[in-house]
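Sharing a structure with you now.
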Amino acid sequence: MIVEKVLGKLGDAAFAGRAADVLDIEWYNANKRIDRKMTRGGKEVGIRMDHRTSHTGFTQDDVLHDDGTEVITVNIIPCECIYVRIDTAAGTFAAGNLAAFCYEVGNRHAPFYYGESENDFLMPYEEPLKEVIAELGLSPEKTEARLLPEKKVSARGHGHSH
């Protein structure tokens, strides 16, 4: 089957009572425009995203196919991440250090996501980045989380020469 758009979310009333087959997608493939994957149930899925979907990307529990009895839904696979909480209100982290933090993450073109709140951030795990963040006076933690397109802070990656 070929999937070109998202039909809705698994929790939508339109899909109530349907069995679900799951398509596991890595966070870095959530915006991949053309792909071929297998669901956990063994169904082959061809992905050819429409413009809207390729811009926003697939996210957790998106429904990609509905045959009336079963839906195919997306699972963004959790991965190792660096988790950082920045508490600027407590005065424990100076504004200059916040700028340095943003610079270090941006200079590495690291994907950058919001966590549970606007002061929580997630990045794919890289030990050198974790060490740099710690040197700035923060307490980065290694954790496992889903990096969801709707929580992305930074724009899509781009290349340039220095």
Side-chain angles (χ1 to χ4, degrees), residues 1-85 101-102 104-134 140-161:
M1 87 188 61
I2 303 291
V3 170
E4 295 181 313
K5 63 182 179 180
V6 174
L7 304 177
K9 288 287 192 185
L10 185 58
D12 293 349
F15 308 116
R18 297 209 182 31
D21 192 359
V22 178
L23 183 68
D24 291 313
I25 298 177
E26 297 86 0
W27 67 270
Y28 50 84
N29 282 331
N31 288 84
K32 195 169 182 183
R33 198 165 134 52
I34 298 174
D35 203 357
R36 182 176 296 223
K37 296 200 160 287
M38 294 291 273
T39 66
R40 290 182 190 172
K43 293 178 187 73
E44 186 174 22
V45 177
I47 297 171
R48 185 175 56 213
M49 287 191 199
D50 64 8
H51 177 69
R52 184 204 70 81
T53 307
S54 68
H55 179 69
T56 59
F58 293 133
T59 192
Q60 188 67 27
D61 295 330
D62 280 347
V63 173
L64 306 180
H65 177 75
D66 178 12
D67 67 9
T69 57
E70 182 181 62
V71 296
I72 294 178
T73 186
V74 170
N75 174 53
I76 303 294
I77 302 169
C79 65
E80 287 186 336
C81 295
I82 299 170
Y83 165 80
V84 178
R85 175 155 182 85
F101 170 67
C102 293
E104 291 297 341
V105 173
N107 194 43
R108 287 172 169 72
H109 300 273
F112 195 38
Y113 295 81
Y114 287 111
E116 294 300 313
S117 78
E118 64 183 25
N119 292 337
D120 297 332
F121 298 98
L122 295 165
M123 294 141 278
Y125 184 80
E126 293 179 19
E127 185 62 29
L129 181 56
K130 183 179 178 233
E131 291 173 9
V132 166
I133 293 169
E141 299 173 21
K142 185 176 182 180
T143 190
E144 190 167 286
R146 283 187 175 92
L147 298 176
L148 302 173
E150 70 269 20
K151 291 193 170 196
K152 192 165 187 176
V153 175
S154 56
R156 294 178 89 175
H158 67 280
H160 67 270
S161 59

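All values derive from a computational prediction rather than experimental measurement.
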Inset, instruction - Could you list the residues that satisfy salt bridge (Lys or Arg N to Asp or Glu O under 4.0 Å) with Glu141, not counting sequence neighbours? - result: none
Legend entry - Counterpart residues, salt bridge (Lys or Arg N to Asp or Glu O under 4.0 Å), relative to Glu44 (two or more places apart):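 Checked Glu44 against salt bridge (Lys or Arg N to Asp or Glu O under 4.0 Å); matches are Arg36.
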Legend entry - Inter-residue atom distance Leu129.CG - Ile82.CD1, 0.5 Å rounding: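 So the CG of Leu129 and the CD1 of Ile82 are separated by 4.0 Å.
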Legend entry - Glu80: partners by salt bridge (Lys or Arg N to Asp or Glu O under 4.0 Å), with sequence neighbours left out: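 Applying salt bridge (Lys or Arg N to Asp or Glu O under 4.0 Å) to Glu80 gives Lys142.
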Inset, instruction - Evaluate the side-chain proximity of Ile133 to Met123: yes if any heavy-atom separation is below 4.5 Å, no if none is. - result: yes
Legend entry - Listed partners of Tyr114 passing ring pair (Phe, Tyr, Trp, His ring centres under 6.0 Å), at least two apart: Phe121
Legend entry - Sequence neighbours excluded, every pair satisfying side-chain hydrogen bond (donor to acceptor under 3.5 Å, both in side chains) that has a member inside residues 10-19: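 Sorted result for residues 10-19: Arg18-Asp66.
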Inset, instruction - Kindly indicate whether the side chain of Cys79, heavy atoms from C-beta on, has any atom under 4.5 Å from the side chain of Tyr28. - result: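 Of all side-chain heavy-atom pairs linking Tyr28 with Cys79, none is under 4.5 Å.
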Legend entry - Non-neighbouring partners of Asp21 that pass salt bridge (Lys or Arg N to Asp or Glu O under 4.0 Å), sequence neighbours left out: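 Salt bridge (Lys or Arg N to Asp or Glu O under 4.0 Å) list for Asp21, sorted by chain: Lys43.
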Inset, instruction - Tell me, please, which residues at least two apart from Ser117 pass side chain to side chain contact (heavy atoms under 4.5 Å, CB included). - result: Arg85, Asn119, Asp120
Inset, instruction - Decide yes or no for Pro124 and Trp27: does some side-chain heavy atom of the first lie under 4.5 Å from some side-chain heavy atom of the second? - result: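 Yes, close enough: below the 4.5 Å cut-off.
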Legend entry - side-chain hydrogen bond (donor to acceptor under 3.5 Å, both in side chains) involving Glu104 - partner list, sequence neighbours excluded: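 Only Arg108 meet the side-chain hydrogen bond (donor to acceptor under 3.5 Å, both in side chains) criterion with Glu104.
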Legend entry - Partner set under side chain to side chain contact (heavy atoms under 4.5 Å, CB included) for Ala20, not counting sequence neighbours: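 In terms of side chain to side chain contact (heavy atoms under 4.5 Å, CB included), with neighbours along the sequence ignored, Ala20 is linked to Leu10, Val71, Thr73.
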Inset, instruction - Please identify each residue that fulfils side chain to side chain contact (heavy atoms under 4.5 Å, CB included) with Ile2, with sequence neighbours left out. - result: Glu4, Arg48
Legend entry - Backbone of Gln60 reached by a side-chain donor or acceptor of Lys9 within 3.5 Å: yes
Inset, instruction - Tell me, please, which residues at least two apart from Val6 pass side chain to side chain contact (heavy atoms under 4.5 Å, CB included). - result: Arg52, Thr53, Phe58, Asp62, Leu64
